[in-house]
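For reference, the structure discussed in these notes is given below.
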Amino acid sequence: MDLDAEHLMMRVRARDANALETLYDAHHRLVYGVAMRMLGEVSAAEDVTQGVFLKVWSSPELFRGGNFPAWIVRMTRNRCLDALRSRNAHPQTELPETLPEDTAIEDVAFANLDARAVRSALQALPAEQREPIELGFFGGITHEEIARKSNVPLGTIKTRIRMGLKKLRTALEGAVSA
Amino acid sequence: MTDTHDELLDDVALYALGTLAAADAQRVRDHLQTCDTCRAEYEALVPVVAALGTSQEASADASSGSVVASPLIKARIMREVRKKKHVSSNGHRRHLVWPAYAVAAACFALATASVLYNIALNDRLHQAEIRLAHQSVVNERDDSMLSDLANVKAQRVSVPGGEVVRSNGHLYLAMHDMPAAPDGKVYQAWTLPKGAKKMVPSATFVPDNRGVALVPVSNDAVNTVAVAVSIEPPGGSKQPTSAPVFVAHLE
Ligand SMILES: [Zn+2]
């Protein structure tokens, strides 16, 4: 349990601005980093960061407990997808659907891992698995698009993504217990 | 759909990663409702996907060469948050202005037999507005809070200077005669969830100059067995740092 975040969110629900400030201090680097990777532009990433934390303030009930970083990353990615959608010059390219923000992500196993640990777990994956995973998550494109771009059959891409995620889970479990 | 189950599991991974288009995502969501195998796979992969985000966490210091968030973002957010929350009256202590009818409704709920108090109350209702100086009330919540407080079925537990009100699943502190917090300190509410050994921090607040404060302390009243208030530094504490001003047991 990420007790700190749960306590702070309870205080946010009780309209305690200082609790929001503490959450910002602890998690804004995650939000901003994801937004920068996805949007590649400072002012757009700043807008998303601001939008995410104002949403935490205005709709704290969306957080149903559990993995706070996972929840806030999901909110961030969804807002980045919206931003990509609105700048999409080729509307015939379908962007992936945003994921629900009001469901608890119970598993907090990796909530406290730092960036370096996750990066080294990612680096340990074969490139043919790592690349479609990163492209799918940060690139804001569907796996069909990934298959097309990389000239790999759709079924193969799907299986590589799944195998890569499973392998990544094992690597992250190793990082947690290390 | 003629997927074999293995193909469905592939789609579950894509759903967890968030690369499915809307129609496919809906199909997977429906399937997750009915299939334990896929649900377990999904739940195993979601935190892995969340950790992907962590790989991009921006650095805390610029010397590392990676992206650093501008401190102006925080300033903008907190200005927005504090602006929405309060109507500032003197720039230093922030006040929320309530119309008289709202105060009437709230004070009505403070059932007290004291004649003196009622005289004071009537006196107050003649004023055009009453400022509440605690930090925990926000305009859009006023209506539901007032109806909770005025609810005749609400459970009320007396505490020094006011009462704890449990109503419609919410828990409030309704204080009408609370001394000012010591200089440089605030009051902080705490709740004790059922089965818990430690108090959980709730809102910080300061009463107005009449000693009035209405503070929402929890949205899970059913599972809260006690409410306490202590004196804490501004911003509150994770654990109480002073003996409680009072503890109210709810049963
Ligand atoms: Zn299944």
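All chains are named by letter (A, B, ...) in the order of the sequence lines, taking the proteins before the strands, and each is independently numbered beginning at 1.
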Checking the side chain of [X] only, and the main-chain atoms of [Y] only, is there a donor and an acceptor separated by less than 3.5 Å?
X	Y	answer
B/Gln188	B/Ser237	yes
A/Ser59	A/Glu61	no
A/Asn78	A/Leu99	yes

Look at the aromatic rings of A/Phe63 and A/Trp71 and report parallel, tilted or perpendicular, splitting at 30° and 60°.
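Aromatic pair A/Phe63/A/Trp71 classed tilted.
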
[options]: which one forms the most heavy-atom pairs within less than 4.5 Å of chain A?
options	answer
B/Ala50, B/Ser70, B/Ala44	B/Ala44
B/Val200, B/Leu72, B/Leu52, B/Leu45	B/Leu52
B/Val46, B/Asp24, B/Leu20	B/Leu20
B/Gln26, B/Met78, B/Glu43	B/Met78

With only heavy atoms counted, which part of [X] is less than 4.5 Å from chain A, the side chain, the backbone, both or neither?
X	value
B/Asp220	neither
B/Ala16	backbone
B/Lys74	both
B/Val49	both

For B/Tyr42, enumerate each residue passing the side-chain hydrogen bond (donor to acceptor under 3.5 Å, both in side chains) test, keeping only those at least two apart in sequence or located in another chain.
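side-chain hydrogen bond (donor to acceptor under 3.5 Å, both in side chains) check on B/Tyr42 returns A/Arg74.
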
Cationic N near anionic O, under 4.0 Å, B/Asp10 to A/Arg160
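No, no charged N to carboxylate O under 4.0 Å.
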
I'd like to know if A/Asp47 and A/Arg79 make a salt bridge, using a cut-off of under 4.0 Å between side-chain N and carboxylate O.
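A salt bridge is absent here (no side-chain N lies under 4.0 Å from a carboxylate O).
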
Interface moiety of [X] toward chain B, non-hydrogen atoms closer than 4.5 Å:
X	value
A/Glu144	side chain
A/Leu135	neither
A/His28	side chain
A/Leu113	backbone
A/Leu30	both

Will you find, in the side chains of B/Arg76 and A/Gln50, an N or O donor that is under 3.5 Å from an N or O acceptor?
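There is such a pair (donor and acceptor under 3.5 Å, judged by atom type) between the side chains of B/Arg76 and A/Gln50.
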
Taking it one step at a time, do B/Glu232 and B/Ser230 satisfy side-chain hydrogen bond (donor to acceptor under 3.5 Å, both in side chains)?
CA-CA 6 Å; B/Glu232 301 294 342; B/Ser230 67; 2.6 Å; yes

So which of A/Leu172, A/Val31, A/Val73, A/Thr142 has the largest heavy-atom pair count under 4.5 angstrom toward chain B?
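The answer is A/Thr142.
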
Best-contacting candidate, A/Met163, A/Glu21, A/Glu134, A/Arg116, against chain B by heavy atom pairs under 4.5 angstrom
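Max contact count across the listed options: A/Glu21.
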
Both conditions, 6.0 Å and 45 degrees, for the charged tip of B/Arg29 above the ring of B/Tyr15: are they met here?
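Judged by the rule, B/Arg29 and B/Tyr15 form no cation-pi pair.
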
